[in-house]
Amino acid sequence: MKSHNQTPVQSPPSRPLPYGRQSIGEDDIQAVVEVLRSDWLTTGPAVDRFEKGIAEFVGAEHAVAVSSGTAALHAAMYAAGVGPGDEVIVPAMTFAATANAAVFLGAIPVFADIEPDTLLVDPASVEKRLTSRTKAIAAVDYAGQPCDYASLTRIAAESNAVLIADGCHALGAALAGKRVGSLAGLTAFSFHPVKHITTGEGGMITTNDPELAQRMRLFRNHGISSDHRERSERGSWFYEMVDLGYNYRISDFQCALGLSQLKKLPEWVRRRQQIAARYDEGFLGSAITPLTRRAGATHAFHLYVVRVNGDRQAAFSRLRERGIGANVHYIPVHLHPYYQRRFGTCPGLCPVAEEAYRQILSLPMFPAMTDEDADFVIESLRDVVS
Ligand SMILES: *Cc1c(COP(=O)(O)O)cnc(C)c1O
């Protein structure tokens, strides 16, 4: 049974090789089918089970499941009390959703620069961006490596700001033995197919604060004080809408998939680390520089990012020609037309992020990749960069 469970349903891709890809097994499909045959397709017991599974895994008291990583960030910022006119400090090197979540609530994203070697948010830059209106600081565990939480926690405490971790790259990562999900007041995760485990679309927020957890449960359900199952169990029709919320619920069959995937997460993180070690060794003595690893950090390698000393565009195009799905993560958020137009951000605001953006490439990284796939990427990139 065990070996049958481990067999992926789709054969692992050979070429083209994407930068990230889900692994779905027969066990995952069975878990989803079981829920489809049950009474609850949404707000049911599978949601509770997945929440408990993630809370236990990361070492947090509470977990609230939602419909996407973006919804998780929105809910976290809502719970933190972010509102109109507040400022939220966000690293420039992240996916737009980190900053968008602040904008959803009427707040102003203030972009902090990053460290040149790790591309993680630079605590010194965060400190420079603090004002009396700073309500929250969003930390992004870029590529799967935890930020400098010791410094960020101190800065947040000194400035009365809430530290929110965007852990969408970092499920399974840890710092000094504590997992991402337990390192900040609130941590958001995504279960998009390129992330460590998937529910198709989905997200989760973890926290140790029961009040914040309760606020997020309201927020994901229209701001209503009880859900359908609670009312059904009480035999009552009564409910109240106490604040403006959204429908950010996730279905039970998605949560069944997530819980089934979670069992395989430790093994998948190990495999990502093995591939990273192979890449590291393969690029020694070349013009290709992997990002620096922080001491004491367990890296979960959502992405494997290198800096290319040379023509990045040519390297990108020639990898694509060979069927290697290299990518660029990310265009600094403050350079997007929307942010330039709406918030007046412009080039020069975060010079380290802008410089890194011109050199970075994300290489294929997912657990079903073979050593031969990794070697093909190494040879191809060394070839095109030399
Ligand atoms: C994936 C991701 C998100 C958004 O997650 P979705 O589930 O796609 O909404 C937010 N922040 C970061 C850093 C991400 O990588």
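Order of appearance sets the numbers: ligands from 1, and atoms from 1 within every ligand. Just the heavy atoms: all of them, side chains too, but no hydrogens, waters or symmetry mates, feed the values below.
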Check ligand 1 against the protein and report each N/O to N/O distance under 3.5 Å, formatted as atom name, atom name, distance.
{"residue": "ligand 1", "atom": "5 (O)", "partner": "Ser190", "partner atom": "OG", "Å": "3.3"}
{"residue": "ligand 1", "atom": "7 (O)", "partner": "Gly69", "partner atom": "N", "Å": "2.7"}
{"residue": "ligand 1", "atom": "7 (O)", "partner": "Ser190", "partner atom": "OG", "Å": "2.7"}
{"residue": "ligand 1", "atom": "9 (O)", "partner": "Gly69", "partner atom": "N", "Å": "3.3"}
{"residue": "ligand 1", "atom": "9 (O)", "partner": "Thr70", "partner atom": "N", "Å": "2.9"}
{"residue": "ligand 1", "atom": "9 (O)", "partner": "Thr70", "partner atom": "OG1", "Å": "2.6"}
{"residue": "ligand 1", "atom": "11 (N)", "partner": "Asp166", "partner atom": "OD2", "Å": "2.8"}
{"residue": "ligand 1", "atom": "15 (O)", "partner": "His169", "partner atom": "NE2", "Å": "2.9"}
{"residue": "ligand 1", "atom": "15 (O)", "partner": "Lys195", "partner atom": "NZ", "Å": "3.0"}
{"residue": "ligand 1", "atom": "15 (O)", "partner": "Tyr330", "partner atom": "OH", "Å": "3.4"}

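In this structure, Tyr239 shares a hydrophobic cluster with Ile224, Met241, Leu244, the cluster being traced through Ile, Leu, Val, Met, Phe, Trp and Tyr side chains under 4.5 angstrom apart.
Aromatic ring centres of His334 and Tyr339: separated by at least 6.0 Å.
Taking hydrophobic clusters as Ile, Leu, Val, Met, Phe, Trp and Tyr residues chained together by side-chain heavy-atom distances below 4.5 Å, Trp268 does not share a cluster with Phe366.
With respect to the salt-bridge test (charged N to carboxylate O, under 4.0 angstrom), the residues Lys128 and Asp113 do not qualify.
With sequence neighbours left out, Arg271 forms a salt bridge (charged side-chain N to carboxylate O under 4.0 Å, His left out) with Asp371. The salt bridge (charged side-chain N to carboxylate O under 4.0 Å, His left out) search around Arg293 returns Asp280, not counting sequence neighbours.
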